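Chain letters run A, B, ... following the sequence lines, proteins first, then strands; residues in each count from 1. Given the structure is predicted, the values throughout are model-derived calculations rather than measurements.
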Protein chains: 2
Amino acid sequence: MDEDGNLQISNSNYNGEEETDPENNTMNQPLLKRHRTLSSTPLALVGTKVSHIESLDYEINENDLFKHDWRSRSKTQVLQYIFAKWTLAFLVGLLTGLIATLINLAVENIAGYKLLAVGHYIAQDRFVTGLLVFTGANLGLTLVATVLVVVFAPTAAGPGIPEIKAYLNGIDTPNMFGATTMIVKIVGSIGAVAAGLDLGKEGPLVHIGSCIASLLGQGGPDNHRIKWRWLRYFNNDRDRRDLITCGSASGVCAAFRSPVGGVLFALEEVATWWRSALLWRTFFSTAVVVVVLRAFIEICNSGKCGLFGKGGLIMFDVSHVEVRYHAVDIIPVTLIGVFGGILGSLYNHLLHKVLRLYNLINQKGKIHKVLLSLSVSLFTSLCLYGLPFLAECKPCNPSIDEACPTNGRSGNFKQFNCPNGYYNDLATLFLTTNDDAVRNVFSSNTPNEFGMVSLWIYFGLYCILGLITFGIATPSGLFLPIILMGSAYGRMLGTVMGPYTKIDQGLYAVLGAASLMAGSMRMTVSLCVIFLELTNNLLLLPITMFVLLIAKTVGDSFNLSIYEIILHLKGLPFLEANPEPWMRNLTVGELGDAKPPVVTLRGVEKVANIVDALRNTTHNAFPVLDGGDGDATELHGLILRAHLVKVLKKRWFLNEKRRTEEWEVREKFTPVELAEREDNFDDVAITSSEMQMYVDLHPLTNTTPYTVVQSMSVAKALVLFRSVGLRHLLIVPKIQASGMSPVIGILTRQDLRAHNILQAFPHLDKHKSGKLR
Amino acid sequence: MDEDGNLQISNSNYNGEEETDPENNTMNQPLLKRHRTLSSTPLALVGTKVSHIESLDYEINENDLFKHDWRSRSKTQVLQYIFAKWTLAFLVGLLTGLIATLINLAVENIAGYKLLAVGHYIAQDRFVTGLLVFTGANLGLTLVATVLVVVFAPTAAGPGIPEIKAYLNGIDTPNMFGATTMIVKIVGSIGAVAAGLDLGKEGPLVHIGSCIASLLGQGGPDNHRIKWRWLRYFNNDRDRRDLITCGSASGVCAAFRSPVGGVLFALEEVATWWRSALLWRTFFSTAVVVVVLRAFIEICNSGKCGLFGKGGLIMFDVSHVEVRYHAVDIIPVTLIGVFGGILGSLYNHLLHKVLRLYNLINQKGKIHKVLLSLSVSLFTSLCLYGLPFLAECKPCNPSIDEACPTNGRSGNFKQFNCPNGYYNDLATLFLTTNDDAVRNVFSSNTPNEFGMVSLWIYFGLYCILGLITFGIATPSGLFLPIILMGSAYGRMLGTVMGPYTKIDQGLYAVLGAASLMAGSMRMTVSLCVIFLELTNNLLLLPITMFVLLIAKTVGDSFNLSIYEIILHLKGLPFLEANPEPWMRNLTVGELGDAKPPVVTLRGVEKVANIVDALRNTTHNAFPVLDGGDGDATELHGLILRAHLVKVLKKRWFLNEKRRTEEWEVREKFTPVELAEREDNFDDVAITSSEMQMYVDLHPLTNTTPYTVVQSMSVAKALVLFRSVGLRHLLIVPKIQASGMSPVIGILTRQDLRAHNILQAFPHLDKHKSGKLR
């Protein structure tokens with residue numbers, strides 16, 4: 001098998017050798033390969049909606065107009081740009097902080113009154129009424145969340161993190177960062193979390209932060225944009241990318257109250273291109289978020305926030321636990337890491353299957369989506385309410401100075417169906433908000449608070465809920481379900497190890513949660529810092545690092561991270577950082593030959609030809625060639641479809657075939673217009689006499705497109721494409737000869753994806769295994 | 001002025017326009033521009049030694065041999081590579097941790113016995129003897145450090161961080177990571193720090209970590225390398241870069257016991273190229289360092305380390321301070337930030353001047369270097385011992401439960417010349433190790449421990465020492481001097497604000513130190529995390545972030561960061577991430593014309609021509625052209641100088657002009673040989689008959705060099721060069737015509753540096769000011 005593979009590769013290389021012979025270049029022998037065509041579908045699943053996706057233009061379009069605009073920018077404008085950039089970063093942080101506070105207040109109050117009412121009936125032993133109220137409230141809240149998502153904004157479903165990751169990789173997904181999406185995400189998230197579903201507000205907050213950033217950058221919702229002059233600098237994909245990175249970091253920060261963790265999350269998980277300048281700016285945004293959160297917590301501590309609890313800046317504070325561990329503790333800690341890796345990858349595997357199944361259900365229509373959500377909500381409510389009856393009542397431990405038993409909204413020792421002086425440990429975990437459940441299971445200095453049977457039930461239930469809840473059509477984060485699952489087996493191990501270890505059981509729960517996160521999401525440094533900032537215990541750091549490293553290593557040996565799996569599932573053409581080894585055995589010339597011939601335009605082109613090119617292709621850019629009257633032998637550059645459409649719409653036609661002056665163009669087009677991305681020209685009617693006129697494309701052409709020589713290997717072309725962040729890469733010939741076109745192909749994101757290449761060149765596949773990073 | 005500038009630019013652009021006309025291309029009109037030549041000096045100051053520097057080859061040299069080697073790598077070998085990679089990361093962490101412990105133990109014991117002896121004489125009121133012992137010991141230790149550096153390893157002087165930063169940017173500095181340098185750095189660092197000089201072991205530890213990484217990667221010191229087969233995978237600049245990044249992160253971690261801070265420092269300050277995979281690996285290394293440090297601290301806590309103190313994993317623990325701050329506290333905190341920014345940039349400015357002066361002194365010879373060090377040491381000792389006599393004795397505060405007064409090695413309230421029950425606050429800061437001085441000035445819950453006069457003296461002295469100590473020929477870190485200076489004015493402000501603020505004076509000192517670091521070094525996230533991990537108080541985070549952001553903003557408005565200033569001063573050709581705006585107005589074609597014509601070779605080349613090319617140029621690579629018998633019209637690729645030298649040394653000559661078969665090459669060269677970088681061919685004697693023979697360069701040529709079309713702007717070429725991490729960038733013509741060379745130039749790092757371009761094209765300079773990031 002491996003022998004075969006090597007043989008085949010040698011053959012293909014031998015062909016490559018032949019091609020280096022100038023007498024026998026690839027241009028003359030395409031017949032053999034023409035059947036190998038690169039295909040690509042520009043469709044992907046965004047939220048729960050199938051959308052047409054496009055690539056983003058990060059490359060600076062250096063045409064004459066841009067150059068003039070750039071040169072004419074005064075120092076004042078540069079300062080305006082810098083000022084606006086920082087103001088936006090500030091506003092992103094401020095608004096994300098405010099909205100996060102709003103969501104927290106709403107969830108705590110809605111869920112709080114629900115739980116108080118349920119507690120009221122339970123105290124009177126009216127368990128059935130309690131069940132009806134609990135289930136009814138949860139169904140109602142779920143219904144609101146689902147209907148909003150299904151009717152108004154299908155893109156608001158799920159966490160949104162995979163789509164943001166794709167956006168920052170250069171994939172534009174429509175309606176992802178709009179105002180409707182944001183509002184539905186906020187309200188839907190409040191509803192879904194308050195409904196007690198097994199999902200978090202963390203992922204949605206990241207999406208909300210990104211929406212805020214995008215809306216601020218473009219000056220408001222699509223149809224009501226503020227035409228503020230300073231904002232014109234941000235009307236490009238590069239600055240929007242930076243803003244959205246700030247937004248996602250702010251979102252994580254707001255979710256976990258973890259400023260450094262937010263920055264690192266954006267760096268490690270979300271962003272594809274990173275610069276030191278961005279580190280500083282995202283840090284500024286997260287700092288603002290923290291200040292806002294802190295201010296609100298101060299206000300809430302004085303009791304003005306209704307049922308909002310008395311949390312500090314730290315969510316699950318375990319700083320008062322004295323951390324002591326010795327060489328022996330390395331065994332259970334290693335075990336946690338290994339469990340985390342195995343369970344995490346198993347979770348990824350199963351979730352993948354469930355999402356495929358849910359996709360089939362969701363495709364059947366809106367009613368099916370709503371019914372699916374309601375069924376999950378019903379199941380969740382029944383389990384959360386019913387299962388605590390299985391637990392034995394445990395007597396309160398008088399040596400612990402927390403209130404016991406409690407029957408209010410929160411509290412660590414829920415009385416539920418137990419007599420006074422006793423508590424129900426499962427009710428402590430189930431009949432509460434998810435945040436409080438985590439706080440209870442992390443609670444330290446409360447050894448043996450939870451019985452093993454209860455922990456097994458808790459673990460089992462959240463495994464099931466974690467799998468069935470994520471795919472429903474509501475905003476849903478993955479962090480909290482994983483924390484709940486992980487904390488369960490962590491605490492179990494802690495209870496088992498009780499007599500043999502010096503580590504507190506609450507810390508075991510924390511480590512369990514961290515290990516499952518690492519096993520499923522495969523982040524390391526950012527998770528470590530998030531857990532550090534969540535738990536406020538720096539001495540936990542070395543042990544957390546150890547657990548995370550083990551869990552990630554174990555998980556990586558089984559499958560991809562959950563976000564990568566979701567990206568694949570959704571069909572988002574994510575561009576990986578490392579080329580596959582077999583890409584060294586294919587040249588871009590061969591790849592270009594597998595595509596239809598490139599459509600080029602002349603520097604001064606007939607209108608009819610431009611219309612043809614636009615009508616007959618969906619290409620986003622066309623190489624512009626120059627030369628004498630005969631052959632086009634000079635590469636002038638690359639012109640964007642949007643600019644061609646602009647020319648047609650403005651009817652900037654010439655009667656004769658001539659070059660224009662710079663002022664003629666500047667009179668007709670402003671840089672702001674050219675920054676608009678608009679490529680719909682169905683409503684442009686061009687008369688047949690206009691069809692015979694000419695357009696001078698020179699001033700609108702980007703004269704500096706990136707190029708590769710046809711003998712370049714695909715691996716290195718991919719490195720260039722991905723490092724610089726391109727949308728188009730031109731292939732130029734390696735041989736100098738008259739009459740030859742100076743452009744022999746054009747490569748885009750889809751052409752460079754391993755999956756697509758392997759469909760056209762299946763013989764390369766056999767070498768996929770030997771991956772050398 | 002600005003008008004002129006715009007005019008000039010328009011002219012130059014007009015020329016550019018003309019050049020796009022195919023009849024009138026740049027090839028035909030070089031006379032006008034030939035006088036503009038790009039010059040570059042391949043010399044830089046490494047440590048205190050002027051060295052010849054080279055660029056590093058990160059690009060994968062895809063020649064036939066490489067491709068064969070790559071293909072023939074089995075799965076086992078891939079696993080070997082991965083295993084070796086992680087083992088090396090583990091060993092880097094382990095050894096860095098061990099050496100850091102060794103340095104700490106040595107410093108604490110040497111300085112401890114010195115201080116004990118001095119304290120002994122002071123207790124007997126024998127102040128002059130005390131002074132003589134103190135000064136003598138310090139001079140002796142300084143002498144050891146300086147002589148080692150001057151005689152054996154001039155590259156071990158200074159912190160080494162700028163050189164590491166340059167290395168990770170692609171600049172190779174000889175003798176920087178050798179065994180001698182490392183040993184001298186270790187011993188010299190112990191000597192210099194124990195001598196009480198105003199310098200830290202932090203910077204040197206980063207360098208030591210990098211040396212360890214480099215030595216491990218190459219299998220030992222230059223002359224005694226282990227020829228372990230698995231190590232051959234690391235004999236390239238890419239893997240070495242990754243290893244050294246791990247090493248520098250481990251060094252920071254070992255210096256500050258700050259694992260996450262170490263990773264972030266490497267990311268934010270040191271590394272130029274960063275990948276997520278690296279984040280994980282550096283994190284692993286720093287985790288190992290922390291475990292080693294922790295193990296040793298456990299051992300030392302049981303008293304087996306001599307005078308080594310009872311420190312925890314946290315160096316300057318302020319976690320027991322309750323952090324409370326309110327809106328009013330924003331004023332002093334802002335003040336600290338502004339002070340930090342102003343003082344930091346002022347420090348950078350003055351240090352620049354001092355380093356220039358020192359450079360003149362150091363150039364005079366080895367004796368001068370030694371005398372300079374000794375003078376600084378003498379001055380330092382006299383001040384540290386003499387100045388405390390100026391302070392008034394303060395009575396011990398019985399409400400503080402620390403021992404007072406003390407007269408031992410460490411301790412917060414030094415008795416010095418005071419009667420019993422009194423302490424000398426300046427002696428507390430001066431007659432101790434630098435680490436203890438920081439600990440004392442950070443000490444919390446000790447309000448008004450230090451008098452204002454004492455703090456002024458402390459601040460003034462460390463400002464002077466901070467400026468005069470850094471440039472001497474010993475290993476010296478910048479972190480500690482800056483922390484000492486910054487903590488002084490922080491504590492002063494805290495003392496002044498005493499009645500009006502809720503923040504502890506110790507925390508003011510911490511914030512002062514942080515602000516000066518940010519003002520001078522301009523790091524943000526990494527500093528924030530380092531301070532977090534140093535002080536173990538997470539609630540300080542928002543306030544630290546705020547201070548750092550202000551200090552950095554203020555500092556940036558004045559000058560560059562200290563490391564960038566040192567990089568410039570040393571002449572290291574660091575490649576910035578962002579192109580200058582005026583680079584958009586220059587094409588690579590124009591830049592190429594300003595260089596001497598490119599020297600090319602034919603695919604099958606005469607030995608004489610190869611020898612000529614090697615003798616007459618210092619180029620590191622030559623384009624290889626192919627074609628019919630007449631014109632060379634096809635670009636085959638790029639061959640490295642080292643490979644040409646290898647061919648000559650091995651005398652792989654052909655009698656006739658023919659292409660070779662793959663097996664012929666493989667018989668002669670192994671991939672390991674080709675990875676060696678050796679370009680000295682003075683000892684190769686070639687007979688005149690051999691001169692007439694041929695060499696087939698095809699199999700050794702990298703067939704996939706990166707190229708740009710001549711009309712590409714320099715700005716975008718620089719983005720490509722820097723993003724992908726290149727050493728050579730070929731310029732290809734934009735026009736297809738027979739008889740034209742397929743390569744019209746070659747660009748290297750020096751050609752793309754703004755400074756060098758401006759020397760050849762001075763008219764672009766006027767636009768330097770309008771910088772738009």
Side-chain angles (χ1 to χ4, degrees), chain A residues 6 9 13 20 22 62 67 70-71 75 78 81 259-260 263 268 275-277 279-280 283-284 287 290-291 294 524-525 528-529 533 536 538 541-542 545-546 549 577 584 626-627 633-635 703-704 706-707 709 711-713 716 719-720 723-724 732 734-738 740 742 770 772-773, chain B residues 6 9 13 22 62 67 70-71 75 78 81 259-260 263 268 275-277 279-280 283-284 287 290-291 294 524-525 528-529 533 536 538 541-542 545-546 549 577 584 626-627 633-636 703-704 706-707 709 711-713 716 719-720 723-724 732 734-738 740 742 770 772-773:
Chain A
N6 274 333
I9 268 282
N13 192 60
T20 60
E62 285 184 340
K67 283 190 201 157
W70 186 275
R71 277 201 304 278
K75 251 190 158 171
V78 173
Y81 169 74
V260 181
V263 171
E268 188 175 6
R275 302 172 289 121
S276 262
L279 196 67
W280 189 25
F283 191 45
F284 175 67
V290 166
V291 170
R294 204 185 159 79
T524 49
V525 188
C528 191
V529 174
E533 296 185 309
N536 191 25
L538 216 103
L541 186 62
M545 288 168 83
F546 189 68
L549 285 169
R584 304 212 178 275
D626 260 332
T633 54
E634 181 185 334
L635 169 62
T703 54
T704 56
Y706 284 94
T707 55
V709 176
S711 55
M712 179 62 104
S713 70
K716 283 172 109 171
V719 168
L720 164 61
S723 310
V724 180
V732 298
K734 63 185 281 199
I735 299 166
Q736 276 290 326
S738 293
M740 186 183 251
L772 193 76
R773 291 204 191 211
Chain B
N6 274 334
I9 268 283
N13 191 60
E62 285 183 341
K67 284 191 199 155
W70 187 274
R71 279 199 304 278
K75 251 191 159 170
V78 173
Y81 169 74
V260 181
V263 171
E268 189 176 5
R275 302 171 291 119
S276 263
L279 197 68
W280 188 26
F283 192 46
F284 176 67
V290 166
V291 170
R294 205 185 158 80
T524 49
V525 187
C528 192
V529 174
E533 296 184 310
N536 192 26
L538 216 102
L541 185 63
M545 288 168 85
F546 189 68
L549 285 169
R584 303 212 178 276
D626 258 334
T633 55
E634 181 185 335
L635 169 62
H636 183 68
T703 55
T704 57
Y706 283 94
T707 55
V709 176
S711 54
M712 179 61 104
S713 70
K716 282 171 110 170
V719 168
L720 163 62
S723 309
V724 180
V732 298
K734 63 185 279 199
I735 300 166
Q736 276 291 325
S738 293
M740 189 183 249
L772 193 76
R773 291 201 191 214

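One distance of note links CD1 of B:I735 with CD of A:E634; it measures 4.5 Å at 0.5 Å rounding. Here the CD atom belonging to A:E62 is positioned 4.5 Å from the NZ atom belonging to B:K716, to the nearest 0.5 angstrom. Atoms OG1 and CE, on A:T703 and B:M712 in that order, are 9.0 Å from each other to the nearest 0.5 Å. With rounding to the nearest 0.5 Å, the separation of OG1 in A:T707 from CG in B:L720 is 9.0 Å.
Evaluation of the side-chain hydrogen bond (donor to acceptor under 3.5 Å, both in side chains) rule for A:S711 yields no partner, not counting sequence neighbours. Under the rule for a side-chain hydrogen bond (donor to acceptor under 3.5 Å, both in side chains), the partners of A:T524 that lie at least two apart in sequence or sit in another chain are A:E268.
When the candidates B:T704, B:V732, B:V719 are compared by the number of heavy-atom contacts under 4.5 Å with chain A, B:T704 comes out ahead. Counting heavy-atom pairs under 4.5 Å between each of A:V525, A:V263, A:V260, A:V724 and chain B puts A:V525 at the top.
Looking at B:A577, there are no atoms closer than 4.5 Å to chain A (heavy atoms on both sides), in backbone or side chain. For a residue to count as touching a neighbouring chain, one of its non-hydrogen atoms must lie under 4.5 Å from one of that chain's; by this rule B:F546 does not touch chain A. Proximity to chain A is limited to the side chain of B:V529, based on heavy atoms less than 4.5 angstrom apart. Heavy atoms closer than 4.5 Å to chain B are found in both the backbone and the side chain of A:V709. Contact of A:F284 with chain B is made through backbone and side chain together, with heavy-atom distances under 4.5 Å.
Closest approach of A:L549 to B:A287, counting heavy atoms only: CD1-CB, 4.2 Å. Shortest non-hydrogen contact noted between A:M545 and B:P259 is CE-CB, 3.6 Å.
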